[in-house]
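This structure is a prediction, so every number in the text was calculated from the model and none was measured. Every chain is numbered from 1, with letters handed out A, B, ... down the list of sequences.
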Amino acid sequence: MDTAAPGHFIRRIISEDLARGKNDGRVHTRFPPEPNGYLHLGHAKSICLNFGIAGDYHGLCNLRFDDTNPEKENEEYVESIKADVHWLGYDWKDRLYFASDYFPQLYEFALYLIRAGKAYVDSLSAEQIREYRGTLKEPGKNSPWRDRSVEENLELFEAMKAGAFNEGEHVLRARIDMASPNMNLRDPTIYRIRKTIHHRTGDEWCIYPMYDYTHCISDALEGITHSLCTLEFEDHRALYDWFLDQLPVPCHPQQIEFARLNLNYTVMSKRKLNQLVSELRVDGWDDPRMPTISGVRRRGFPPAAVREFCERIGVTRNDTVIDVGVLENCVREELDRTSPRVLAVLDPLKVTIENYPDGQVEMLEGINHPNNPDMGKREIPFSKTLYIERDDFMEDPPKKFFRLGPGREVRLRYAYFITCNEVIKNAAGDVIELRCSYDPQTRGGQAPDGRKVKGTIHWVSAQHAMQAEVRLYDRLFMDADPEAADGDWKAGLNPDSRQVIKAALLEPSLNAATPGAVYQFERLGYFCMDGKDSISEQPVFNRTITLRDSWAKQK
RNA sequence: UGGGGUGUGGCCAAGUUGGUUAAGGCACGGGGUUUUGAUCCCCGCAUUCCCAGGUUCGAGUCCUGGCACCCCAGCCA
């Protein structure tokens with residue numbers, strides 16, 4: 001029971017509750033997604049909060065699907081959500097629930113409310129209900145059906161359930177206060193008729209309970225102690241409490257609101273993400289550019305990095321926007337620690353070592369991680385014809401450029417010092433090859449005479465390299481705040497958010513790469529083998545994130 | 001005066017009973033180590049806490065009055 005660590009305001013509230021002996025010392029939370037889309041980083045914040053708190057206080061966290069709107073929900077979403085929560089590292093064990101499992105109980109409670117005179121069947125149309133509701137500054141007025149007898153309400157509600165009416169003919173409403181300054185309390189609808197097949201209950205029901213009514217009761221039935229939700233539900237708390245106060249429920253959970261996660265350079269609402277997917281602006285919910293959990297997973301973000309991110313951003317009630325740089329930094333930190341290093345060339349420039357024996361091949365030793373010897377070593381083949389990164393050569397380099405240029409000497413990582421003797425160009429004047437010479441004394445990268453070179457560049461042996469497709473990603477939106485662009489938020493979509501390199505060259509050890517594995521391509525960044533599009537003849541690597549690059553900054 | 005919230009450096013965020021020089025991270029700038037211009041390591045970065053008054057020996061923390069921004073009028077969640 002780590003009540004010592006104070007942390008954010010929600011932990012403080014829970015620690016105080018525990019100290020006062022509230023809830024018999026139990027802490028029980030829940031993560032309640034609606035299966036109407038894939039989970040995104042905003043959900044990750046909620047998942048880490050709810051499961052994290054349960055873990056810290058030796059409590060429990062349920063996974064509960066809030067599936068009360070059959071028109072938008074389906075099984076695919078349910079499965080993706082379960083997979084995403086597991087991937088993040090959390091387990092609900094045997095506590096998987098569905099609000100739809102409570103439909104019978106919810107119906108009984110509705111009957112209870114009707115008998116208590118706290119709910120009535122309204123026969124106004126949707127438009128009329130809206131008109132009667134009033135406005136933010138003016139009170140609403142009572143529906144003419146508000147004072148039906150208990151018997152008539154019972155009869156009508158049962159007929160609604162039996163399918164005697166069409167959608168929209170009637171609704172069940174809570175009888176609270178049409179003049180309340182809190183719009184949520186102006187006789188909210190609690191049941192509506194929907195003749196739609198539900199993904200779990202099929203055609204068993206044609207009336208479906210609304211969120212406000214369902215959520216609080218579901219929490220109470222599961223013995224939830226702290227019901228954490230986002231700020232926009234703050235005004236709903238009065239209703240949450242109202243229902244629980246009217247009904248004979250086993251307990252009364254406490255709703256606590258926190259600010260949702262906003263990230264710059266992206267959008268974070270299921271509605272908008274859904275739009276990007278359905279309009280084919282991206283390749284599905286798991287497109288590596290998407291801020292979805294499945295997207296960042298495919299991109300190569302480790303779950304530990306996402307968890308660390310959620311920890312770092314904190315939990316408050318402030319409406320804020322987090323800089324994606326914070327997320328990227330978490331990803332770099334985790335990947336720097338865990339990923340093996342490898343040599344790969346994305347934009348190949350041919351190099352011939354003129355004084356290297358034809359047909360000779362040497363196996364050179366490379367270490368898999370500079371700061372962690374436990375990750376071992378590997379052999380990298382070296383030969384007369386190599387490829388280096390085109391960016392690592394400049395015909396007319398500025399003084400601060402440490403790489404290759406005419407007459408300059410650099411170190412080929414783990415191999416030899418080479419000097420550029422000649423630059424070969426094609427008819428168009430493009431550099432197509434470098435003729436170099438190597439110093440046999442520098443094998444491994446050290447000169448016996450102690451001379452230094454300023455640059456070390458990566459390379460790959462032409463005859464040994466394997467080919468791969470590499471996909472480079474940039475931010476999905478060009479503006480920090482896509483929604484600010486008045487009008488079409490999709491106008492700011494970055495046309496260059498994905499760049500595909502068809503024939504990158506990788507050192508042969510990458511033959512052993514498996515889907516999902518992340519490597520650091522030295523001096524370039526971290527790359528993750530794609531599990532969907534890779535085929536054995538042509539693996540695909542997604543660039544997870546670049547390395548920090550102070551040279552690029554300097555330029 | 002519809003109701004409900006929030007305001008600490010460029011972006012987050014500690015600071016809770018008022019009491020030394022306002023944590024930490026990201027970003028940024030400078031330096032060192034380095035066979036990745038990576039990592040790592042130093043150092044710098046708010047005389048000031050939305051504003052204005054007030055209480056007090058002392059206020060980011062208390063009081064009063066403003067200002068700014070966010071949420072609410074689904075038979076969505």
Side-chain angles (χ1 to χ4, degrees), chain A residues 6-9 12 32-34 36 66-69 71-73 122 124-126 129-131 133-140 167-173 180-186 188-194 208 210-212 214-215 229-238 257 259 264 270-271 312-330 332-333 336-337 341 343 366-367 369-371 400-403 411-415 417 442 444-446 452-458 480 520-525 546-554:
Chain A
H8 53 69
F9 81 100
R12 190 143 42 234
E34 182 191 10
N36 67 341
D66 227 325
D67 56 349
T68 58
N69 184 358
E71 295 178 324
K72 294 183 175 171
E73 300 153 3
D122 196 352
L124 250 27
S125 68
I129 286 181
R130 191 185 339 112
E131 286 160 16
R133 189 155 28 229
T135 69
L136 293 177
K137 296 188 177 183
E138 306 158 50
E167 290 186 9
E169 276 190 69
H170 306 282
V171 290
L172 184 70
R173 291 230 255 171
S180 174
N182 180 343
M183 300 296 284
N184 296 295
L185 263 21
R186 318 245 264 226
T189 298
I190 61 184
Y191 265 95
R192 74 286 211 187
I193 298 170
R194 281 290 174 280
Y208 291 93
M210 299 284 287
Y211 165 83
D212 287 302
T214 308
H215 203 88
C229 63
T230 44
L231 251 27
E232 66 271 27
F233 291 102
E234 197 158 11
D235 289 342
H236 295 239
R237 191 172 62 232
E257 312 83 19
N264 56 15
K270 273 199 254 181
R271 200 192 109 251
R312 273 186 207 180
I313 59 178
V315 179
T316 68
R317 294 170 64 87
N318 301 344
D319 190 12
T320 60
V321 180
I322 309 290
D323 190 315
V324 279
V326 178
L327 210 210
E328 295 174 342
N329 186 63
C330 290
R332 286 198 184 96
E333 267 180 34
D336 172 60
R337 214 169 53 72
R341 271 94 238 242
L343 302 183
I367 54 175
H369 191 113
N371 308 317
K400 301 287 284 281
F401 187 79
F402 303 155
R403 288 109 95 150
R411 170 167 41 231
L412 291 181
R413 173 131 244 224
Y414 299 132
F417 285 10
T442 58
Q446 301 277 17
K452 305 283 189 206
V453 286
K454 275 183 299 222
T456 299
I457 65 175
H458 57 277
Q520 183 193 103
F521 289 2
E522 290 205 35
R523 305 210 304 133
L524 297 172
T546 58
L547 248 29
R548 250 197 215 89
D549 187 352
S550 55
W551 166 242
K553 211 177 285 173
Q554 189 177 135

message: How many whole angstroms separate atom CZ of F233(A) from atom P of G5(B)?
response: 17 Å

task: Return yes if the base of U39(B) and the side-chain atoms of E333(A) contain a donor-acceptor N/O pair under 3.5 Å, otherwise no.
output: no

- request: Check every strand shown and say whether D66(A) touches a base, only sugar-phosphate, or nothing at a heavy-atom separation below 4.0 Å.
  value: sugar-phosphate

task: Select base, sugar-phosphate, or nothing to describe what I322(A) touches, counting heavy atoms under 4.0 Å on all strands.
output: sugar-phosphate

message: With hydrogens left out and only the distance checked, is there a donor-acceptor pair under 3.5 Å joining R548(A)'s side chain and the base of G37(B)?
response: no

message: Check this one for me: any side-chain N or O of T68(A) less than 4.0 Å away from OP1 or OP2 of C76(B)?
response: no

- request: Return the nucleotide paired to G10(B): Watson-Crick means purine N1 to pyrimidine N3 with N6-O4 or O6-N4, wobble means G-U with N1-O2 and O6-N3, both under 3.5 Å.
  value: C26(B)

message: Given the structure, check if the side chain of N182(A) and the base of G4(B) hold any donor-acceptor pair shorter than 3.5 Å.
response: no

query: Is D67(A) salt-bridged to K72(A), cutoff N-O under 4.0 Å?
result: no

query: Is any side-chain N or O of R317(A) under 3.5 Å from a base N or O of U6(B), one able to act as donor and the other as acceptor?
result: no

task: Report the residue from E73(A), R271(A), K270(A) that forms a side-chain hydrogen bond (donor to acceptor under 3.5 Å, both in side chains) with N36(A).
output: K270(A)

message: What is the separation between atom CE on M210(A) and atom P on A73(B), rounded to the nearest whole Å?
response: 11 Å

message: Could you tell me the Watson-Crick or G-U partner of A73(B), where both distances fall under 3.5 Å? Say none if there is no partner.
response: none

message: Under 3.5 Å for both donor-acceptor distances, Watson-Crick or wobble: does G60(B) have a partner, and if so which one?
response: none

